[in-house]
Amino acid sequence: MAELSARQVFTHPVHLLAYGFGAGLIPKAPGTMGTLAAIPLYILLSLLDPWLYGAATLAAFVAGVFICGYTARRLGIEDPKSVVWDEVVGFLISMAFVPYSLVWIAAGFVLFRLLDILKPWPIRWLDRHVKDGLGIMLDDAAAGLAVCVILNLTAHFIRV
């Protein structure tokens with residue numbers, strides 16, 4: 001099956017999440033659009049206690065395994081470019097415990113997109129060897145975790 005129509009995405013809650021609230025419908029750079037769509041969600045979640053932020057992000061990851069797998073099966077595509085919930089969650093992981101400021105948001109965005117696109121080891125290995133919904137989610141979670149470590153270490157030594 002081809003990609004879903006906007007009507008199909010906006011009328012089905014699982015597809016709506018899989019498509020990153022509609023960001024995956026944008027044909028050019030849907031992963032980047034999905035990451036941009038994550039920023040308002042990050043801003044809302046950053047108001048929570050850091051441990052609640054972590055719990056919400058973990059819940060979004062676990063749900064994402066189902067959400068992305070379901071939509072990918074519906075499309076008949078192993079890892080559809082339009083399914084960007086993995087980018088949303090990857091960005092949320094990137095920003096965990098990072099100081100809240102526009103500078104850190106921009107740094108997290110750029111670093112996450114860079115690692116998601118380049119897929120250095122072990123991210124590339126996960127992308128190639130883990131399949132279905134877990135595979136869709138896991139490589140972006142790994143990229144997000146790497147960015148999270150980089151940003152938190154940097155924040156420890158540099159005040160922005």
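Every value quoted in this text rests on a predicted model; they were computed, and no experiment measured them. Atom set for the values below is all heavy atoms of this structure, side chains included, hydrogens, waters and symmetry mates excluded.
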Considering non-hydrogen atoms only, spot the tightest contact between Val14 and Phe66 and give its length. CG2-CE2, 4.0 Å
Would Ile43 end up clustered with Met95 when hydrophobic side chains under 4.5 Å apart are linked, directly or stepwise? yes
I need the Thr57 OG1 to Leu45 CG distance, nearest 0.5 Å. 6.0 Å
Counting only heavy atoms not in Arg124 (residues, nucleotides, ligands), do more than 12 fall under 6.0 Å from its CZ? yes
Common cluster, Val89/Val149, ILVMFWY with side-chain heavy-atom separation under 4.5 Å: no
side-chain contact (heavy atoms from CB on, under 4.5 Å) between Asp49 and Tyr53, intermediate numbers included: CA-CA 6 Å; Asp49 175 82; Tyr53 177 97; over 6 Å; no
Do you know the tightest heavy-atom contact between Ile123 and Ala143? CD1-CA, 3.5 Å
Going through the checks in order, is the side-chain contact (heavy atoms from CB on, under 4.5 Å) test met by Leu115 and Leu111? CA-CA 6 Å; Leu115 289 183; Leu111 283 173; 5.7 Å; no
For the residue pair Gly64 and Trp85, what are the closest heavy atoms and their distance? CA-CD1, 3.4 Å
If you take all heavy atoms of Ala37 and Gly20, which pair is closest and at what distance? CB-O, 3.7 Å
All heavy atoms of Val88 vs all of Gly34, minimum pair found to be CG2-O, 3.5 Å
Give the ring-plane orientation class for Tyr70 versus His12, where under 30° counts as parallel, over 60° as perpendicular and anything between as tilted. parallel
If you group Ile, Leu, Val, Met, Phe, Trp and Tyr by side-chain heavy-atom gaps below 4.5 Å, do Ile117 and Ile26 land in one group? no
Output for pair (Thr35 OG1, Phe91 CZ), nearest 0.5 Å, gives 7.5 Å
Does NZ in Lys131 sit with more than 12 non-hydrogen atoms of other residues, nucleotides or ligands closer than 6.0 Å? yes
Intermediate values then yes/no, side chain to side chain donor-acceptor pair (under 3.5 Å), Tyr19 and Glu3: CA-CA 11 Å; Tyr19 273 63; Glu3 294 293 326; 2.8 Å; yes
What's the separation between atom OG in Ser46 and atom CD1 in Ile105, rounded to the nearest 0.5 Å? 7.0 Å
Are there over 12 heavy-atom neighbours, none belonging to Leu102, within less than 6.0 Å of that residue's CG? no
Using the rule that Ile, Leu, Val, Met, Phe, Trp and Tyr join whenever any side-chain heavy atoms are under 4.5 Å apart, tell me whether Trp104 and Leu114 fall into a single cluster. no
Quick check for you: to the nearest 0.5 Å, what is the distance between Met33 atom CE and Lys81 atom NZ? 15.0 Å
According to salt bridge (charged side-chain N to carboxylate O under 4.0 Å, His left out), who are the partners of Asp139, at least two apart in sequence or on a separate chain? Lys119
Kindly compute the distance separating CE (Met137) from CD1 (Ile93), expressed to the nearest 0.5 Å. 6.5 Å
Could you tell me if the side chain of Phe97 sits less than 4.5 Å from the side chain of Leu151, heavy atoms only? no
Could you go through Ser82 and Leu75, starting from their C-alpha distance and side-chain angles, then the distance that decides it, and tell me whether this counts as side-chain contact (heavy atoms from CB on, under 4.5 Å)? CA-CA 10 Å; Ser82 56; Leu75 293 170; 4.2 Å; yes
Give a yes or no on whether a salt bridge exists between Asp116 and Arg113, defined as a side-chain N under 4.0 angstrom from a carboxylate O. yes
Apply side-chain contact (heavy atoms from CB on, under 4.5 Å) to residues Asp127 and Asp79 and explain how you reach the verdict. CA-CA 10 Å; Asp127 184 54; Asp79 188 356; 4.0 Å; yes
Going hydrophobic residue to hydrophobic residue with side-chain gaps under 4.5 angstrom, can you get from Trp125 over to Leu118? no
Could you pull out the closest heavy-atom pair between Thr71 and Ala18, with the gap in Å? OG1-CB, 3.3 Å
First locate atom CG of Leu58, then atom CG of Leu92, and finally report the distance between them rounded to the nearest 0.5 Å. 12.0 Å
